[in-house]
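First up is the structure itself, then whatever we jot down about it.
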Amino acid sequence: MKHQTILILDFGGQYNQLIARRVRECGVYCELVSYTAPLSRLKAMDPIGIIFTGGPHSVYAPGAPSVDPEIFTWGVPVLGICYGCQLMAHLLGGSVIPAQDDSAREYGKTPARFDTACALFKDLPAESVTWMSHGDYMERVPDGFVTAAWSDACPHAAIADSVRGFYGVQFHPEVNHTEYGRQMLRAFLYDVCHATGDWTMGDFKDRSVAALREKIGDKKVLLALSGGVDSSVAAALLAEAVGSQLTCVFVDHGLMRKDEGDEVQAAFAPWPINFVRVNAEERFLGKLAGVTEPERKRKIIGEEFIRVFEAEAKKIGAVDYLVQGTIYPDVVESGTGDAAVIKSHHNVGGLPDYVDFKEIIEPLRLLFKDEVRQLGRELGLPEYLVSRQPFPGPGLAIRVIGEVTKDKLDTLREADFIFRDEVAKAHLEGAMDQYFAVLTNMRSVGVMGDGRTYDYTLALRSVTTADFMTADWTRIPYEVLDAVSTRIVNSVPGINRVVYDITSKPPATVEWE
Ligand code: XMP
């Protein structure tokens, strides 16, 4: 499983995960590691290149994040970005000072000029736009370095020591606003670090399958399948690796969208795995009867999920391995590379700690979400499973406002299906990160034919967001909203009014409950 590795030393900048994604997009494997990691661990990674990230500090401030300068003696190329560039200059004898006045600070799109003889900028225009975000600047470059780019306010926007393979850029090449940023990163990876591009999903799949086969041998493996992208791709990978030794337990709580349970089951039919679908709709709806408080609904569903999974796991008997769909952002966000196993008991639907297994396997822990999707395609999972939008664990129970009943769920399923279908017809999926229907608990008067109706109001919700922490409502074209509304009120009994939620998060949340 050894790939050429780029070590990204994390000094706390806001774009650090983006740097990692850009490097991976170039076909090169990388890991983001905190600057506090011991030097021995960094060396053991045997990187072909190192990137120092940006960060919010000043290199001359007391206690500013730093790294042992021994790293510069390894003979490994280094690219410093923003703070990382200043830190390298500072450690190698240059000088970094705070901008004296506003004219020397740069934020946002900034034109810069480049020395196209420099390896990072060769074959690129001599002038282009960069994304700057810095209050400090390099006053003097260290010995051995030359200035390779400059802007009006920044005399050393890039520095280079081609002999040692050390490069620094004051701007952020990982951000889209830097016009040729991707090409610059690529040049560092391929021309300076001599990457071969050995990180492809096909290759990752083959190596993972081989490694899983070796690790698992003839033992039994258990996986809780939710139907979400991560657990589906993990299941497909394990299915490919160990086939009939794998048991997937898919708890269908009856709170899925239209046809979803059947789609998940059908997707796994081609593999010779043990697929256990537990149809637990009655059990879940029984527990939810009369419950209207959103947090109480969540709690009931979470607990019930565990009880059902546990009962199935008991029937299967002792298994050696439990598979979790932990992905790389979960690992990075946990702060240290070692913490993931500890929290993994809880990070997929809160599985019980005491299911009878010996070890946890996390086959996706190196991958970003878009890489997980690519791997799913590589494994032959259908596109509707691989590209699906996030769906909350409690399912439609938190999209039926108030008490959850089978009738209301069926009504919502039909309306939600129509919304998704019209969005697909209008080819708008790419513009929306999550979109769904909510059955409100409000009824109002309408008129249909010659008769009065007194039916529910359905709300449509769609958001555009990078991280779901904040979100903007999507500007869906009126014609599409009109088509959705007309089709729903004409064909879904029980709904006589459709509204569109135009609230951002904050102050609202994405889900209504
Ligand atoms: P909110 O409503 O908190 O949603 O703005 C942000 C994202 O989280 C999802 N979400 C959940 N996911 N269990 C989940 O697995 C939950 O209880 C839950 N509540 C919200 C939501 O769909 C959105 O993607």
Side-chain angles (χ1 to χ4, degrees), residues 223-234 250-258 260-261 264 280 284 287-288 291-306 308-309 324-327 329-330 333-334 343-352 364 368-370 372-373 385-402 404 409 412-413 415-416 419-420 423 429-441 459-474 500-513:
L223 185 146
L225 188 65
S226 70
V229 176
D230 301 342
S231 70
S232 297
V233 174
F250 170 51
V251 178
D252 185 346
H253 49 25
L255 307 167
M256 301 281 196
R257 288 165 291 193
K258 186 176 179 182
E260 203 165 17
V264 172
F284 277 83
K287 293 276 178 186
L288 287 170
V291 178
T292 56
E293 210 278 308
E295 281 313 297
R296 182 99 199 93
K297 289 184 190 174
R298 274 199 175 73
K299 222 166 173 294
I300 290 171
I301 294 164
E303 268 176 31
E304 212 47 29
F305 185 90
I306 291 172
V308 174
F309 180 76
Q324 298 268 38
T326 316
I327 69 171
D330 306 334
E333 272 150 31
S334 74
K343 76 164 194 172
S344 59
H345 292 287
H346 308 284
N347 76 347
V348 180
L351 294 180
L364 310 180
F368 284 109
K369 192 82 174 185
D370 45 348
V372 172
R373 294 188 204 275
L385 261 193
V386 169
S387 61
R388 72 182 20 190
Q389 50 171 324
F391 186 63
L396 299 184
I398 56 169
R399 294 179 183 171
V400 169
I401 309 304
V404 181
L409 285 167
L412 176 58
R413 263 190 276 268
D416 183 71
F419 184 24
R420 286 185 288 132
V423 166
E429 298 107 317
M432 329 167 56
D433 294 297
Q434 197 172 11
Y435 53 102
F436 52 88
V438 175
L439 188 64
T440 77
N441 208 14
L460 305 176
R461 178 70 161 147
S462 172
V463 293
T464 311
T465 172
D467 56 9
F468 294 93
M469 306 296 285
T470 61
D472 195 11
W473 59 277
T474 315
Y500 185 46
D501 181 350
I502 55 166
T503 334
S504 293
K505 171 185 178 175
T509 53
V510 175
E511 302 287 349
W512 276 36
E513 287 199 333

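Just follow the structure's listing: the first ligand is 1, and inside any ligand the first atom is 1.
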Write none if no such pair exists; otherwise list each N/O atom of ligand 1 with its protein N/O partner under 3.5 Å and the distance.
unit_1: ligand 1; atom_1: 2 (O); unit_2: V510; atom_2: N; d: 3.4
unit_1: ligand 1; atom_1: 2 (O); unit_2: E511; atom_2: N; d: 2.9
unit_1: ligand 1; atom_1: 5 (O); unit_2: K505; atom_2: NZ; d: 2.7
unit_1: ligand 1; atom_1: 5 (O); unit_2: V510; atom_2: N; d: 2.8
unit_1: ligand 1; atom_1: 15 (O); unit_2: G393; atom_2: N; d: 3.0
unit_1: ligand 1; atom_1: 17 (O); unit_2: R298; atom_2: NE; d: 2.5
unit_1: ligand 1; atom_1: 19 (N); unit_2: R298; atom_2: NH2; d: 2.8
unit_1: ligand 1; atom_1: 22 (O); unit_2: Q434; atom_2: NE2; d: 2.9
unit_1: ligand 1; atom_1: 22 (O); unit_2: E511; atom_2: OE2; d: 2.5
unit_1: ligand 1; atom_1: 24 (O); unit_2: Q434; atom_2: OE1; d: 2.7
unit_1: ligand 1; atom_1: 24 (O); unit_2: Q434; atom_2: NE2; d: 3.4

Q. If you count the non-hydrogen atoms of other residues, nucleotides and ligands that lie under 6.0 Å from NZ in K369, is the total more than 12?
A. yes

Q | Interatomic spacing from OG1 in T503 to CZ in R461 - rounded to 0.5 Å | A | 5.5 Å

(Q) If the test is side-chain contact (heavy atoms from CB on, under 4.5 Å), which one of V400, L412, L288 qualifies with L255? (A) L288

Q: Would you indicate whether the side-chain heavy atoms of W512 and P294 approach each other to under 4.5 Å?
A: no

(Q) I'd like to know whether E304 forms a side-chain contact (heavy atoms from CB on, under 4.5 Å) with H253, so could you lay out the CA-CA distance, the side-chain angles of the two residues, the decisive distance to 0.1 Å, and finally the verdict. (A) CA-CA 9 Å; E304 212 47 29; H253 49 25; over 6 Å; no

Side-chain donor-acceptor pairs under 3.5 Å in residues 429-438, sequence neighbours left out?
unit_1: D433; atom_1: OD2; unit_2: T465; atom_2: N; d: 2.6
unit_1: Q434; atom_1: NE2; unit_2: P390; atom_2: O; d: 2.9

